[in-house]
Amino acid sequence: MPTLRLVLGDHLSRDVAALDGLDAAGDVVLMVEVAAETTYVPHHKQKIVFILAAMRHFAEALRQEGIRVDYVRLDDPANSGSFTGELTRALARHAVDRIVVTEPGEWRVRAMMEDWAAATGLSVEIREDDRFFCRRGRFARWADGRKSFRMEFFYREMRRETGLLMEGDQPVGGQWNYDAENRKTLPKGARPPLRLRFAPDAVTRGVMDLVNTRFAGHFGDLEPFGWAVTRADALKALDHFIAEALPAFGDVQDAMKRGEPFLYHGLVSPYLNVGLLTAREVCLAAETAWRRGAAPLNAVEGFIRQILGWREYVRGIYWHQMPGYAETNALAAARPLPWFYWSGETDLACLAEVVGDTRRNAYAHHIQRLMVAGNFALLAGIRPAEVEAWYLAVYVDAFDWVELPNVHGMVMFADGGLLASKPYAASGAYIDRMSDYCAGCTYDPKVKVGKGACPFNLLYWNFIAENAGTLRGNPRMAMPYRTWEGMESGRKAQILTEARAFLDGLDARPAASRGRQTMLDL
Ligand code: FAD
Ligand code: DLZ
Ligand code: SF4
């Protein structure tokens, strides 16, 4: 029976479930660029280019195989602007008996799909996305009945099940985790490798023109655009990372440096998340590098843990906990997102650097996301939904299933400790130790209160004080509470007064547009 197979913008793998059993003679593959997806948050310009250019290249590769592809462009005058609208229109063009689709990476779209059978009168088969190591049912078996989840235990089960970095049932090297070796600061004079960039071809240039015309008001620089948009180029980027950066990945995984946005990181998340690379091939490439002596175990284990551990774990939590997960706000954080998250205009040098990197590249590495942009949002008590919308918009790799648990759980502790055992809250001393940002700042990380005090120091103790009701009983927070409670009362009062004055001075909107729209209203 002729089938309409819908392939979404993050399903760009030749072996994605919706294409299983494809009959090239009779079936039609439908791919649609739709306004609802490009604007439900104001995505970074490079993110839109990346997804639409990768979709157009993927469609062309299918056509080269002789597959019938019906591709609807964003600027098609008849484009209805939504998945449901385009599916309905496509049914008028093709005589098919059923619709097949892979389940999406977002609850919002999954809910939409549930209505398609009724809307179209056809059978709609939503196939499980089997591109992950851990199926949803497998995660549920691990999670059901647990009061709290911890990545490390989940990760060990994944190591055993996949055999990655295993000798029989034991981890290679005798340890599961080498993180103790992975928190070094960047050695003086270290020169991270230049990263492969891919010059846009005519197809990508066409999308860039479209984005420049239609999304000029969205956050982020459009050029230079250097992301790979085909599987062949994504494989080149992976090979380059394995050869040039992986060997040093572990040691300085948590380091940050001005003017070095990529350091030794993989830069593979966008490719993994849209399907240009598979998690298995990326992990195997890293393991092979270790087995042939080209990269040390602490680097390779650390890298594989990010993918086999964290990536699978946050996805598991997302589907296990949604839709209620997004609604919690355990710390009752309610302040609006400061405007500098969009403008980058702030005298906190660390935040200016991270927002600047994000604007230029649609990328920031993990520690920048967690311990600078995220740490500030946590300490300042920003409303989780606003923080989540920002992360979803600004990073090229951001899709709800991976962004939400990282922001809602890991950064904002809005789930009350389901994903992480304590909030990742830190004062200026952490940022000073792990980066060179403070050297160029108006504030001083060593000054705790009074003139020149680093706002992270003030906000840290204010956070501890304000959230005592929720966090005081957490055994992992006992030390900061003992320190706070032992502090002289006059000093405590001064810290709180200065922290609150700082918070009151944060602008949610720029002076010029106060009372008008923000990026989120676009
Ligand atoms: P590397 O540092 O080289 O790590 C290798 C791979 O491990 C990544 O490509 C990624 O696939 C995986 N990984 C590492 N950490 C995580 C994690 N915590 N959760 C899931 N996968 C992980 N990652 C996304 O893919 N999309 C997001 O929207 C996203 N939002 C984040 C928001 C916050 C607040 C934080 C703290 C982390 C977020 N991450 C997200 C995880 C991580 O920061 C990125 O995966 C990583 O920075 C991507 O760059 P890379 O490929 O160079 O990663
Ligand atoms: C993120 C995104 C964007 C910007 N545009 C499209 C699009 O035009 N067409 C499409 O199929 N997918 C797009 N995506 C990815 C979807 O939003 C993605 O499939 C969902 O987030 C997953 O549920
Ligand atoms: Fe950031 Fe404080 Fe360092 Fe300035 S002094 S860069 S605000 S941590």
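Start at 1 and go down the list; that is how both ligands and their atoms are numbered.
- Within the 4.0 Å heavy-atom criterion, neither part of Met31 lies near ligand 2.
- Checked against a 3.5 angstrom limit, the closest N/O atoms of His265 and ligand 1 fall inside it.
- Residue Leu272 places no N or O, backbone or side chain, under 3.5 Å from any N or O of ligand 1.
- Between Phe83 and ligand 2, not a single N/O pair is under 3.5 Å apart.
- With ligand atoms numbered from 1 in the order given, ligand 1 contributes 11 (O), 20 (C), 21 (N) to contacts under 4.0 Å with heavy atoms of Arg311.
- Interface atoms of ligand 2 facing Thr38, defined by a heavy-atom separation under 4.0 Å, are 4 (C), 5 (N).
- Of all the heavy atoms of Val109, the ones lying under 4.0 Å from any atom of ligand 2 belong exclusively to the side chain.
- Taking every heavy atom of Val268 and a limit of under 4.0 angstrom, the matching atoms of ligand 1 come to 9 (O), 51 (O).
- Only the side chain of Phe303 comes within contact range of ligand 1, with a heavy atom under 4.0 Å; no backbone atom does.
- Ring to ring, Phe340 and Phe376 are close: their centroids are under 6.0 angstrom apart.
- Cation-pi geometry between Lys47 and Tyr391 is not met: the NZ or CZ atom fails to fall both under 6.0 Å from the ring centre and inside 45° of the normal.
- Within the 4.0 Å heavy-atom cutoff, Phe249 counts among the residues contacting ligand 1.
- A cation-pi geometry, defined here as NZ or CZ lying under 6.0 Å from the six-membered ring centre and within 45° of its normal, holds between Arg369 and Tyr363.
- The closest approach between Tyr363 and ligand 1 falls below 4.0 Å for a heavy atom of the residue.
- Residue contacts with ligand 1 for Asn273 involve side-chain atoms from C-beta outward but no N, CA, C or O (heavy atoms, distance under 4.0 Å).
- For the side-chain contact (heavy atoms from CB on, under 4.5 Å) criterion with Val372, the lone passing option out of Met256, Glu353, Met434 is Met256.
- The atoms of ligand 1 that sit less than 4.0 Å from any heavy atom of Met410 are 18 (N).
- Within the 4.0 Å heavy-atom criterion, the part of Leu52 lying near ligand 2 is the side chain and not the backbone.
- Partner of Phe139 under the ring-ring contact (aromatic ring centres under 6.0 Å, His included) criterion, out of Phe133, Phe132, Phe154, Trp319: Phe154 alone.
- Every N/O-N/O distance between Val407 and ligand 1 stays at or above 3.5 Å.
- Regarding atom 24 (C) of ligand 1, its nearest protein heavy-atom neighbour is Val402 CG2, 3.4 Å.
- By the criterion of a heavy-atom distance under 4.0 Å, neither the backbone nor the side chain of Tyr395 is placed next to ligand 1.
- Proximity annotation for atom 1 (C) of ligand 2: of Val211, Asn79, Ile51, Ile51 comes nearest, heavy atoms only.
- Against a heavy-atom cut-off of under 4.0 Å, Val411 is close to the following atoms of ligand 1: 34 (C).
- In this structure, Tyr40 has a heavy atom closer than 4.0 Å to ligand 2.
- The CZ atom of Arg14 sits 7.0 Å away from atom CZ of Phe58, with the distance rounded to the nearest 0.5 Å.
- The shortest N or O to N or O distance between His365 and ligand 1 is not under 3.5 Å.
- Ranking the protein heavy atoms by distance from atom 45 (O) of ligand 1 puts Ser269 CB, 3.9 Å first.
- A salt bridge does not link Glu312 with Arg315: none of the charged nitrogens is closer than 4.0 Å to a carboxylate oxygen.
- The protein non-hydrogen atom at the shortest distance from atom 10 (C) of ligand 2 is Gly9 N, 3.4 Å.
- Of the listed residues (Val32, Thr39, Leu12), the one carrying the non-hydrogen atom nearest atom 9 (N) of ligand 2 is Val32.
- Ligand 1 lies within reach of Ala364, whose nearest heavy atom is under 4.0 Å from it.
- At the top of the distance list for atom 8 (O) of ligand 2, counting protein heavy atoms only, stands Val34 N, 3.0 Å.
- Closer than 2.8 Å to atom 2 (Fe) of ligand 3 sit the protein N, O or S atoms Cys454 SG.
- From the protein, the heavy atom lying nearest to atom 22 (C) of ligand 2 is Asp10 OD2, 3.3 Å.
- Considering both main-chain and side-chain atoms, Phe399 never comes within under 3.5 Å of ligand 2 through any nitrogen or oxygen pair.
- Looking at atom 17 (O) of ligand 2, its nearest protein heavy atom turns out to be Glu37 OE1, 2.5 Å.
- Here His43 has side-chain heavy atoms under 4.0 Å from ligand 2, and that is the only part of it that gets that close.
- Look at Glu106 and Arg108 and you find a salt bridge, because one of the NZ, NE, NH1 or NH2 atoms lies within 4.0 Å of a carboxylate O, short of that distance.
- Here the protein heavy atom with the shortest distance to atom 20 (C) of ligand 2 is Glu106 OE1, 3.8 Å.
- With His320 as the partner, the ring-ring contact (aromatic ring centres under 6.0 Å, His included) test is satisfied by one option alone out of Trp142, Phe149, Trp107, Tyr325: Phe149.
- Neither the backbone nor the side chain of Gln253 has any atom closer than 4.0 Å to an atom of ligand 1 (non-hydrogen atoms only).
- What sits closest to atom 3 (O) of ligand 1 on the protein, heavy atoms only, is Gly266 N, 2.6 Å.
- Taking CG from Leu62 and OH from Tyr71, the interatomic distance works out to 11.0 Å, rounded to the nearest 0.5 Å.
- Heavy atoms of Lys47 stay at 4.0 angstrom or farther from ligand 2.
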